[in-house]
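In the text below, chain A, chain B and the rest are named by the order of the sequence lines, each starting its count at 1. Computed from a prediction, not measured in an experiment: that's the story for all the values here.
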Amino acid sequence: MNSINDKIDAYGASLKLRAQRQQLLASNIANADTPGYKAVDFDFAAALNRATVSRLGLANTRSGHLPGRGGSLAGVDIKYRIPAQDAIDGNTVEIDREVSLFTQNALAYQARAQFLGDAIRQMRTAITGQG
Amino acid sequence: MGMFSLFDIAGSAMTAQSQRLSTIASNLANVDSSTSADGRPYRSRQVVFQVQALQDLRPSRRVAAGAIGLPQPEGAAGVRVARVVESEAPFRKVYQPGHPQADANGMVTYPNVDPVEEMTNMIAASRAYQFNAEVVNTSRTLLQRTLEIGR
């Protein structure tokens with residue numbers, strides 16, 4: 001049962017980060033022709049790691065306390081992308097790269113949404129005792 | 001709420017790109033307009049894009065987010081047309097002595113519109129528009145999937 005809980009937490013965190021990354025990639029696509037715009041992104045694996053693995057945790061001072069967890073979503077480290085080729089107007093968006101990352105991120109989002117739904121259905125099965 | 005701002009971002013880009021397309025259409029339509037409203041030949045126009053912070057796309061968003069203590073989204077931004085500039089390139093002169101607008105030497109001044117430049121610009125604008133329309137489509141699918149979680 002706890003493992004289903006863990007799954008739901010992890011998928012939730014992943015969805016949140018994917019949504020945030022989707023926004024950044026959409027900004028990059030929107031600003032593909034804006035002079036001086038610098039493409040942004042963040043390291044998804046590192047951000048997810050920070051949000052789920054390195055939990056701050058709560059101290060269990062009594063035997064009846066449940067183990068707490070305090071993953072943080074606040075600390076997404078947004079960085080500028082290093083372009084393969086510089087543009088004369090100072091714009092660093094490479095549209096083909098951004099579009100492929102956008103599509104990839106969208107698929108990953110859909111996969112996590114599917115897994116999260118499955119975990120919730122699993123939980124419901126456990127509660128009601130019938131599929 | 002992150003997913004909803006995708007529509008704002010892509011929407012701002014589509015607005016900006018269609019404004020760019022209108023400017024190009026205006027330039028191409030006036031490629032031979034030897035007089036405009038001010039009596040001078042038409043000057044080629046270009047839009048200038050500028051990054052626009054997400055909360056400025058929809059001011060109500062900032063107020064709503066501030067009221068319930070939501071953190072402002074960072075990093076993501078839309079785009080807008082900052083201004084429209086007129087080209088300073090020299091006008092095209094054509095020798096047409098019979099033309100009513102010909103000067104003493106028989107030269108008629110035509111606009112400084114470069115049709116080749118406009119056509120390439122048009123293709124770039126329409127591609128950019130398509131990419132952003134695709135972003136809107138994808139975002140719609142993602143939101144739909146989000147609504148179906150746990151069903």
Check the hydrophobic clustering (I, L, V, M, F, W, Y; side-chain heavy atoms under 4.5 Å; chains of links allowed) and say if B:F4 and A:Y109 are grouped together. yes
How close do A:Q23 and B:I9 get, heavy atom to heavy atom, and via which atoms? O-CD1, 3.6 Å
Would you say B:L21 and B:M14 are hydrophobically clustered, going by side-chain heavy atoms of ILVMFWY under 4.5 Å? no
same_hphob_cluster(A:F44, A:V40) at 4.5 Å side-chain heavy-atom cutoff: yes
Let me know if B:Q52 has heavy atoms under 4.5 Å from chain A in its side chain, its backbone, both or neither. neither
Measure across A:Q22 and B:L6 and return the closest heavy-atom pair with its distance rounded to 0.1 Å. O-CD2, 3.4 Å
Segment of A:A113 engaging chain B (4.5 angstrom heavy-atom cut-off): both
With a 4.5 angstrom heavy-atom cut-off, could you sort out which part of A:R124 is near chain B: side chain, backbone, both or neither? side chain
Identify the two heavy atoms, one from A:S27 and one from B:A76, that lie closest to each other, and give their separation to 0.1 Å. OG-CA, 3.1 Å
The reported gap from OG1 in A:T34 to CZ in B:R80 (rounded to nearest 0.5 angstrom) is 11.0 Å
Please output the residues of residues 106-117 of chain B in contact with chain A, using a heavy-atom cutoff of under 4.5 Å, in numerical order. none
Pairwise side-chain contact, B:I149 with A:I120, heavy-atom cut-off 4.5 Å (strictly under): yes
Where the side chain of A:D33 meets the backbone of B:F49, is there a donor-acceptor pair that is under 3.5 Å apart? no
Side-chain heavy atoms nearer than 4.5 Å, only ILVMFWY residues, links allowed to pass through others: does that put A:I29 and A:L101 together? yes
Examine whether an atom of B:R127 lies under 4.5 Å from a heavy atom of chain A, and if so say whether it belongs to the side chain, the backbone or both; otherwise answer neither. neither
Closest contact, heavy atoms only, B:N132 versus A:A30: OD1-CA, 3.6 Å
Which answer fits A:I95, side chain, backbone, both or neither, if we ask what part of it has an atom under 4.5 Å from a heavy atom of chain B? side chain
Leading residue by heavy atom contact count with chain A [cutoff under 4.5 Å; candidates B:G11, B:A10, B:A16, B:G78]: B:G78
Determine, using the 4.5 Å side-chain heavy-atom cutoff (strictly less than), whether B:I24 and B:I123 are members of one ILVMFWY cluster. no
Please examine the side chains of B:L142 and A:Q110, heavy atoms only from C-beta on, and report whether any two atoms are closer than 4.5 Å. yes
State, to 0.1 Å, how close B:V79 and A:N31 come at their nearest heavy-atom pair, and which atoms those are. CB-OD1, 3.3 Å
Return yes when atom CD1 of A:I82 has more than 12 non-hydrogen atoms of other residues, nucleotides or ligands closer than 6.0 Å, and no otherwise. no
